[in-house]
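Since the structure comes first, as structure tokens, the remarks are kept for the end.
Keep in mind the model is a prediction, meaning the values are calculated, not measured.
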Amino acid sequence: MRIFRRFNNLPIEKKLLLVSVIPILTLAVLSIITFNSVQTFSQDEDRLNQVYHVQTTAADYLRLIVDLETGFRGFVLTLQPKFLNPYHAAKQRVLEVGRTLAQMVEHDRAQHAEILNVQALVYTLLEDKDRLIEQAKLGHAEQALEYIESGAGRRLMLSIREEIARFDKREGEVLRQTLERTSSDRGFLLTVIVGGGSLALIPMVFVIRLLAQSIAGPLVSLAKSVENRPGGTVPEVQVLDRGDEIGDLTRVMHEMGQQIREFIGQIQTSEAALRNLNLDLSNSESKYRGIVDNAPFGIFTAKDGRIIFCNRQNWRLAGHDPDHALDPERIWEAIHAGDRNQVSDAFSKATTQQVPFENVFRFVHPDGTTHKVLSRAVPIRDGQGGGSLYQGFNVDITAFEQMKEKLSRTERLATLGQVAAGIAHEIRNPLVGIGSTTSLLMEDFPPEDAKRQDLKTILQETRRLDRIVTQIVEYARPRDIVPGSFEMPTLVEETLDLVRHSAGQKRLNLTVSFPPELPAVEADRDQIKQVVLNAIQNSIEALGEHGDIRIEAREELRDGHRGLLTTIEDNGKGINPEDLPKIFDPFFTMGKRRGTGLGLAICRNIIEAHGGNIRADSEVGVGTVISIWLPLTLQPQPAMLV
């Protein structure tokens, strides 16, 4: 355990170095042992070679001695010198081989002594034979023959052979011992190679297992502790009491885990605060969006000259349903064609110069109604270098303009009322006197008298002047509304009865179209009848023969109020565009012989006094449409009851 603890405290680099050193040391030891075994085996082989050479040399030595004996006997028996040549050759060789053999076994005392004995016998043999050969050369061959016959040389040869046999026997024993030692060394070498390699694996496996337990074990346990933690939680890493990198890793991971848990706590706290802040921002955004969407005036935002936002009221001003998502740029399409270009140019110029924008223009609704709008916008830097924004608003000044126009008209009518009163007083009295005098004068002239016709003309013009004064007074004086509930179809039929004769003279086609369940109208019946009659008479006068007049009525909602829209349409010559805005002005007439130009002006006063609206749409060569809208419930306008 202490060794394992010390091993754990070693750095991983040293552990890996130790794993590599142990097999190297084992291999070195095995290499040394194997080297020694190979050396021993090599020595044994050298010894075998030496024994082989010794035995071969000994055999040559014995063969040379036999050659000496053979040459000696051949010469002695034949006395021919040619037999001495092998003798001398063998003699020279036997001495050299004897010395070589003695040198080869000088390390073995017994063998060396044995060879020395053999050499001594050989020297004796050579001396005897050299002596006998010399005597035979001198003619005393009998001694040599006696030597042969006596067997002295044979006995010496047997002694040599016995010595050589003992020498060979000892060499054979050396050979056997050497072969046994070689076999033993070979087995030892195989044992060292196989067994040593196997034994070398044991420390290697031990060290590797120790390394695995020291490194892989803690890492696997650490990985399992992290994997087994439930999701969303930071694992608690146990610090290992180790001095290596694994211990350092666990300490660092433990500290990181603590820091991460602290950071998560801070993040959760910040997240809760951010959630509350987002909720507050969402509530604030909803509140301010509600304020913007429900503001009583139009609000728009533009960036780089393009409209990018319109609130609900702005779409209402343009005549669109705010519940239907539209491209904010389509707001330009709702601007009156006569105003669109100048508004676009003015807005582009303002955005280019980064100056405030202000303009007055008209929005045209799909039903043809127009609303006059005051538009203002100021540049606002977005703070992000993304160009400038324009924040603006559109205010519907239609009612203000109408009120201003009505006020101006009221002032004019008040002045006109005073003038009319003076005219009525200053003109009517003389006109009455002129009319009465003319009537009396006509009685003095017979019908066929030409002067009577002149007096009749004076009387007619006097009456026409009286009628003009009456219309001026009627236009200028305040009117009292006598409200009552009536059916518009009935009123129209009564009015048509009054004009059927004049319409019939021109062969006009009168068409009436009313829904079956049209609601009743609360208004001054006589005044509304006067308006309808005036509009129909104007259509009759505008038509030639065989013209068409179509009268329709339907219920229509305006500004949240239920009302009745009555249209009187003809296919006459139409009204010039430049004259159309003036037809409701007092004293404006378009060439009528007997018109005073007050009929439509009086009609407008009557309709506006009831809280309604009258307008004219006309196209030259196509015809004219007079539209009269009245609220179902009377909404008198006090300032306009004139």
Less than 4.5 Å apart, any side-chain heavy atom of [X] and any of [Y]?
X    : Y    : value
V364 : I335 : no
R362 : V373 : no
L459 : S439 : yes
C603 : I626 : no
I528 : L630 : yes
W629 : T566 : no
D321 : W315 : no
V378 : F393 : no

Pair S375-N394, side-chain donor/acceptor within less than 3.5 Å: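 S375 vs N394: donor-acceptor pair found between side chains.
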Considering only NZ, NE, NH1 and NH2 on the basic side and carboxylate oxygens on the acidic side, decide whether [X] and [Y] come within less than 4.0 Å.
X    : Y    : value
E493 : R500 : yes
R554 : E552 : no
K506 : E545 : no
R316 : D396 : no
D454 : K456 : no
E494 : R525 : yes

Using modelled atom types only, decide if a donor and an acceptor are shared between the side chain of [X] and the backbone of [Y] within a distance under 3.5 Å.
X    : Y    : value
T351 : F347 : yes
Y390 : A350 : yes
T398 : K372 : yes
H336 : G338 : yes
N311 : F297 : yes
R340 : E333 : yes
T511 : R550 : no
S485 : A520 : no
D579 : I575 : no
T490 : F486 : no

Atom [atom1] of [X] with >12 non-hydrogen neighbours under 6.0 angstrom:
X    : atom1 : result
K349 : NZ    : no
D559 : CG    : no
R507 : CZ    : no

Aromatic ring pairing H371/H365, orientation class (parallel under 30°, perpendicular over 60°, tilted between): parallel
Shortest non-hydrogen contact from [X] toward [Y]:
X    : Y    : result
I583 : A616 : CD1-CB, 3.4 Å
I536 : V499 : CG2-CG2, 3.9 Å
I307 : E329 : N-OE2, 2.7 Å
H610 : I606 : ND1-O, 2.8 Å

Can you tell me how far apart [atom1] ([X]) and [atom2] ([Y]) are? Round to the nearest 0.5 Å.
X    : Y    : atom1 : atom2 : answer
L565 : E555 : CG    : CD    : 11.0 Å
I264 : E271 : CD1   : CD    : 11.0 Å
L317 : H320 : CG    : NE2   : 11.5 Å

Reference residue L543; test side chain to side chain contact (heavy atoms under 4.5 Å, CB included); the match among T624, D548, D570: D570
Test log, rule side-chain hydrogen bond (donor to acceptor under 3.5 Å, both in side chains), inputs T301 and Q391: CA-CA 5 Å; T301 304; Q391 191 65 54; 3.1 Å; yes
side-chain hydrogen bond (donor to acceptor under 3.5 Å, both in side chains) between N538 and N534, intermediate numbers included: CA-CA 6 Å; N538 286 340; N534 187 280; 3.1 Å; yes
